[in-house]
Number of protein chains: 2
Amino acid sequence: MEQTGEDLMERRSGVALWRQVADRIRLGISNGTLGEGGRLPPEITLSQQFGVNRHTVRAAISALVQEGVLRAEQGRGTFVESRKRLAYPITTRTRFSTGLKDQTRARRVNLLRHVVEPAPTRVAEALQLEPGAPVHRLETLSEADGRCVSRGTSWFDATRFPGFADVFVETGSITASFARFGVDDYVRRSTLVSARHADAEDLDTLKLSPGAIVLVTIAINDDLDGRPIQFSETHFSADLVELTIET
Amino acid sequence: MEQTGEDLMERRSGVALWRQVADRIRLGISNGTLGEGGRLPPEITLSQQFGVNRHTVRAAISALVQEGVLRAEQGRGTFVESRKRLAYPITTRTRFSTGLKDQTRARRVNLLRHVVEPAPTRVAEALQLEPGAPVHRLETLSEADGRCVSRGTSWFDATRFPGFADVFVETGSITASFARFGVDDYVRRSTLVSARHADAEDLDTLKLSPGAIVLVTIAINDDLDGRPIQFSETHFSADLVELTIET
DNA sequence: ATAAATTTGTCCGTATGTATT
DNA sequence: GAATACATACGGACAAATTTA
């Protein structure tokens, strides 16, 4: 019942102590207060800092090792597997591949699902269609250097872009697909950014662990006549990505 | 895709089922798929949708009631306490007060701390000063309608803006303070957006509960000659704010 | 106005997971 | 690793408040 620090961890909060500790360690690494020189303090030190048992710290570290954030070496210590965030630029000419070209070797966009559906209200509004008009819904997973960067859902007017999904599968790129339909260029009209806890589908698709955060962007792209051609909601893994805005 | 009702929640993941359910409900509310007409489906229905026991759903709802997201009435149902996020616009002319003017009654920026310090490297870089040159550091708390919206730390060249903090205390506004120094206008050069778990200081200052998320913006403002005059890091409560970018 | 159906609130007991010593 | 205490999840039964028929 000895307690050096305060009760830093919240009990009865619905989040297991070991997971709270794991999140704190992750945070400490990302803002540089922990893991000086790539080496984590010994388990005993951490358990005192967080006011929990050493077993609990071990459970946290074990989870982070599993996740690839840490690497534990018996007798030597626990080390940080460093990796910096990708900077994803948001401009009038936002495109997935070109934006990350300088920072990554390999980029790929996979089509997870495709359906034609009646436009939900917010989609119809954004695309300036009648509510219920047929639209393509494409769910995609974007990878860069083998890491799952983002999960996106995009809607396109099915009347204007018949068979869009097939073209996308063939080209592997939104930009190239638009070109096939005579849209040689398009611009980002607006972007809404928010952040939340990853939901079950985020966890599954982006291979995140519970408690992880996603950056959510909701965007509208226009053709050069100012007509909306794409409405999309994208979930970025917040650990992997930051957004840059040049105004 | 219709959810069958099994295996949606992650067991043994370190996050209690009731908390996962709570997060899903919160998500469902914010994207409009749940809480049709302000009313949540009955507990039995939710428990079937999520594939958990009714008691588990009750635990989730109870937490959200505590949080002020929901309101439960015996015999009637459970209702959504609507409070929409503030849309914080990021443009070339980003200013706190004007940005939220249409959405809130009262806005205030409080000065929490002020020191003059030698510029840390990243600050010196951004402001194009010698490393270690004297800079003001102002830590502020922004409120709108009594809610803590964001916590900001800004740096200003102490040589160019002597006594900046005093002027800020007097005027209560960055824009007005700049005007006193002959800077009638300024523009947002760049903004970096990321998201992370709130740290101890965020929790304290913004009155958040553990596990909460903050949107972090790192921004540089230039005067009209293109010289950087302000470097700032702002933490927004992700539950209260979303960022809008018009490009 | 009354009864039935709905929906939230409370209680019991039991099994399993989590955290500490 | 073992023993202990507490938190979480489930199942069932019933009470209380409200709406519907």
Side-chain angles (χ1 to χ4, degrees), chain A residues 1-26 42-67 72 74 78 197 199-200 203 209-211, chain B residues 3-26 28-29 34-82 209-211:
Chain A
M1 52 166 38
E2 226 279 285
Q3 207 96 290
T4 29
E6 312 304 304
D7 271 346
L8 294 168
M9 298 296 143
E10 297 265 322
R11 284 133 215 266
R12 282 181 295 282
S13 66
V15 181
L17 280 186
W18 65 264
R19 174 142 294 283
Q20 296 184 50
V21 171
D23 288 340
R24 295 277 299 253
I25 291 175
R26 216 200 320 252
E43 292 168 357
I44 293 283
T45 310
L46 290 171
S47 72
Q48 286 163 354
Q49 272 181 26
F50 295 128
V52 300
N53 193 275
R54 173 166 166 260
H55 292 309
T56 310
V57 171
R58 283 184 58 74
I61 289 176
S62 148
L64 292 172
V65 167
Q66 197 68 23
E67 233 180 280
Q74 199 171 86
T78 306
H197 287 105
D199 63 28
L203 298 180
S209 51
Chain B
Q3 34 192 33
T4 59
E6 295 302 322
D7 281 321
L8 292 167
M9 298 295 144
E10 305 250 332
R11 260 97 169 164
R12 286 179 289 287
S13 65
V15 180
L17 277 186
W18 65 263
R19 175 147 292 283
Q20 297 182 51
V21 170
D23 289 341
R24 294 274 300 249
I25 292 175
R26 214 200 321 256
I29 291 169
L34 218 60
E36 201 66 30
R39 188 177 185 281
L40 219 64
E43 294 168 353
I44 292 282
T45 311
L46 289 172
S47 71
Q48 285 162 353
Q49 272 182 24
F50 295 128
V52 300
N53 192 272
R54 175 174 163 244
H55 292 301
T56 308
V57 171
R58 283 184 57 73
I61 288 176
S62 154
L64 293 171
V65 167
Q66 198 68 24
E67 246 180 85
V69 176
L70 296 176
R71 169 178 39 88
E73 294 181 30
Q74 192 173 93
R76 283 176 37 85
T78 305
F79 303 87
V80 179
E81 292 279 22
S82 70
S209 48

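Proteins come first, then strands; the chains are lettered A, B, ... in the order of their sequence lines, and each starts at number 1.
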statement: Of C:dG9, D:dG11, C:dT7, the nucleotide closest to the side chain of B:E43 is C:dG9
query: Roughly how many Å is it from CD in B:Q20 to C1' in D:dA9, rounded to a whole number?
result: 12 Å
Collect all protein-nucleotide pairs involving nucleotides 11-14 of chain C in which both atoms are nitrogen or oxygen and the distance is under 3.5 Å.
none

task: For residues B:F50 and B:L17, determine if any side-chain heavy atom of one lies less than 4.5 Å from a side-chain heavy atom of the other.
output: no
field: Spacing of B:R71 atom CZ relative to C:dT7 atom P, expressed in whole Å
entry: 17 Å
field: d(CG, B:L40; P, C:dT6) in whole Å
entry: 19 Å
- request: For nucleotides 14-21 of chain D, just jot down a letter per nucleotide in 5' to 3' order: B, S or -, based on protein non-hydrogen atoms under 4.0 Å.
  value: --BBSS--
message: Suppose we screen for salt bridge (charged side-chain N to carboxylate O under 4.0 Å, His left out). Which residues come up paired with B:R39, at least two apart in sequence or across chains?
response: none
Proximal nucleotide (of C:dT8, D:dT8, C:dT7) relative to the B:W18 side chain: D:dT8
Donor-acceptor list for residues 55-62 of chain B side chains, cut-off 3.5 Å, not counting sequence neighbours:
{"unit_1": "B:R58", "atom_1": "NH1", "unit_2": "B:E43", "atom_2": "OE2", "d": "2.8"}

- line: Separation between CD1 (B:I29) and CZ (B:R24), nearest 0.5 Å, reads 13.0 Å
- prompt: Which distance, rounded to the nearest 0.5 Å, do you find between the CZ of B:R54 and the CG of B:L46?
  reply: 11.0 Å
task: Using the test side-chain contact (heavy atoms from CB on, under 4.5 Å), find all partners of A:T45 that sit at least two apart in sequence or belong to another chain.
output: A:P41, A:P42, A:Q49
- prompt: From B:L64 CG over to B:W18 CH2, what is the distance, rounded to the nearest 0.5 angstrom?
  reply: 9.0 Å
- prompt: If you look at every strand shown and take non-hydrogen atoms under 4.0 Å, does A:R58 touch a base, only sugar-phosphate, or nothing?
  reply: nothing
Spacing between B:Q48 atom CD and D:dG11 atom P, to the nearest angstrom: 12 Å
- request: Check every atom of C:dG9, C:dT21, D:dA9 against the side chain of B:L17 and return the nucleotide holding the closest atom.
  value: D:dA9
message: For B:Q74, give me all partners under side-chain contact (heavy atoms from CB on, under 4.5 Å), at least two apart in sequence or on another chain.
response: none
- line: Rounded to whole Å, CG of B:N53 lies from P of D:dA9 at a distance of 10 Å
- request: Could you please name the option among D:dC10, C:dA19, C:dT8 that lies closest to any side-chain atom of A:T56?
  value: C:dA19
- request: Mind calculating the distance between CG (A:L46) and C1' (C:dA19) to the nearest angstrom?
  value: 17 Å
